[in-house]
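Step one of this worksheet: look at the structure below.
Residue numbering restarts at 1 for every chain, and letters A, B, ... go by the order of the sequence lines. Atoms considered below: every heavy atom in the structure, side chains included; atoms not considered: hydrogens, waters and symmetry mates.
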Protein chains: 2
Amino acid sequence: MVVARQSRQISSAGVDDPRERILSAAGREFAERGYDSATIRDICLAAGVNVAAVNYYFGDKRRLYIESVKHAHEERVRQVPLSEWQPGTPPERKLHDFVANLLERMLGLGQPPWQVRLMMREVLQPTEACRELVEDYIRPHFAVLVSVLRELTAGRLGDPELRRIGMSIVGQCFLYRAAGQVVEMLVPQSEIDMLHSPAALADHVTSYGLAALGAAAPLTSFPAAGASQKDSPA
Amino acid sequence: MVVARQSRQISSAGVDDPRERILSAAGREFAERGYDSATIRDICLAAGVNVAAVNYYFGDKRRLYIESVKHAHEERVRQVPLSEWQPGTPPERKLHDFVANLLERMLGLGQPPWQVRLMMREVLQPTEACRELVEDYIRPHFAVLVSVLRELTAGRLGDPELRRIGMSIVGQCFLYRAAGQVVEMLVPQSEIDMLHSPAALADHVTSYGLAALGAAAPLTSFPAAGASQKDSPA
DNA sequence: ACTTGCTTCAAACAGGCGTTTGAAACGTCG
DNA sequence: CGACGTTTCAAACGCCTGTTTGAAGCAAGT
């Protein structure tokens, strides 16, 4: 009797590997329907394997879930690496890049990212997989944001304040991902296309933050150019 | 044979009313565990009624859920009404009040508010109950915010921009409610107590917004005064 | 060919789920 | 009281869930 497959080959066949197929299907299913609503039968149907396979490879549903979260997260890190800047890049530019990157990763139209949906579920209602997610994925990203803000404010603010400002920036992006459907109910569709695209939002969030920090003109300045980043005021 | 109780008394007994007891228990249970994980048996156990009661009063689980969301929302509106300001109140003050009110309603320590948790679930993954929630509850609140911002910017920005700025403000509050546990993993506990209490956050979000709009000094100014108004930087 | 170990499969299992049932309890009116 | 509509109840009904089972398939190794 075997409770779970004892040892896994280091780097197996790939798409042919049943284990990989199950993980992918499970991620999609868990992301879409949540842990409880997703069923092992549906997952196995989508993966093209027998229902007993999940028990054979992962033991039970809970461990399959945890593995699929980690799997999705690893895949996503591989897809969207942290930004690297050349030395001398102005911090305003770095902030804009960071925000644009974050929004693209969250809302990116490149592909409906079920990985992000799955991770969002963990953020909103953490389970065992959450801590790993935070340590491996979220904390490093957040640290980059804080360091950019530190550079931007040239040491005038302490880390606690910087973290709080970082949360303000992340929160704005977060809203559109987590509560996107409600946002779409609150503003007209034309406005969504115009002002709430990932790129336009990146401009807005960056301008908003830079203005708040005194690194750019306030949003109410007369030209009211919304679409381009601007350097410090005259 | 009765599919559902035909007509409901206008304003029934109150706590003695089984219907009311079921709604309350259901709201708590749905808020805590989600629609699928919450079971009718547990709800009825908590409400002290027979399992058949929910079918008798509401027909089935789905309609019970919808009713319980509406019930929670009505209760919450009664608890925390929209702010009313005397004529002549400065818009900076109004913004601060609004943000403080929003944060208090979302994070308020007065009581662990299962109603908010339930509504948050609707926002994050809308069902049929969501549209009503938006129309009756969220949209009016958001309209108030936009009108305050309009007053604050004295017509220099159009409604679309104002709505986008409104989203920025709401997003910051939203993060702490929806992703609170992750926030707590990212910043030290002492910092949470100090800078992330509802009141401190209200100050921060307001200052951040006012500074961005040029209605107060940037956050990096030396005295770091929170709420005093000041015109655009030199 | 025969064993050996890993993998797959159809079928079944026990338990929990939402829902239904038919009768008992209740209160109210004639 | 006896009849009646409303409300409660214990028990059951299907159905679907996660999980297990024992046998069959399969690719080496000897």
Among dT21(C), dT8(D), dT20(D), find the nucleotide with the atom closest to the side chain of Asn55(A).
dT20(D)
Please enumerate all residues that pass salt bridge (Lys or Arg N to Asp or Glu O under 4.0 Å) together with Glu75(A), with sequence neighbours excluded.
none
Check ion pair Asp97(A)-Lys94(A) (N to O, under 4.0 angstrom):
no
Taking atom types as they are modelled, is there a donor-acceptor pair under 3.5 Å from the base of dG18(D) to the side chain of Arg41(A)?
yes
Run the ring-centre check on Tyr208(A) versus Tyr208(B) and record whether the distance is less than 6.0 Å.
yes
Interatomic distance where CG belongs to Asp42(B) and C1' belongs to dG18(C) [whole Å]
13 Å
From the list dT8(C), dG18(C), dT21(D), which nucleotide is the closest neighbour of the side chain of Lys61(B)?
dG18(C)
Distance check needed: dT17(D) C1' versus Arg62(A) CZ, whole Å only.
17 Å
Quick one: Phe58(B) CZ to dT19(C) P, roughly how many Å, whole number?
13 Å
Mind listing the closest non-hydrogen atom pair of Ser168(A) and His204(B) along with its distance?
OG-NE2, 2.8 Å
What is the separation between atom CG on Leu45(B) and atom P on dG18(C), rounded to the nearest whole Å?
13 Å
Where the side chain of Tyr56(A) is concerned, which of dT8(C), dT19(C), dT7(D) is the nearest nucleotide?
dT8(C)
Measure across Ala202(A) and Leu103(A) and return the closest heavy-atom pair with its distance rounded to 0.1 Å.
N-CD1, 3.5 Å
Report yes or no: does Arg121(B) contribute a side-chain atom to a donor-acceptor pair with the main-chain N or O of Glu32(B) at less than 3.5 Å?
yes
Please give me every residue in residues 27-40 of chain B whose heavy atoms get under 4.0 Å of an atom in DNA chain C, ordered by residue number.
Ala38(B), Thr39(B), Ile40(B)
Whole Å only: how far is the CG atom of Asp60(B) from the C1' atom of dT19(C)?
9 Å
Ile43(B) CD1 to dG18(C) P: how many Å, rounded?
8 Å
Are the side chain of Arg139(A) and the backbone N or O of Met185(B) linked by a donor-acceptor pair below 3.5 Å?
yes
Which whole-number value in Å describes the distance from Arg19(B) CZ to dT7(D) C1'?
14 Å
Any Tyr57(A) side-chain nitrogen or oxygen under 4.0 Å from OP1 or OP2 of dT8(C)
yes
Whole angstroms only, please: what is the CG-C1' distance between Asn50(A) and dG25(D)?
13 Å
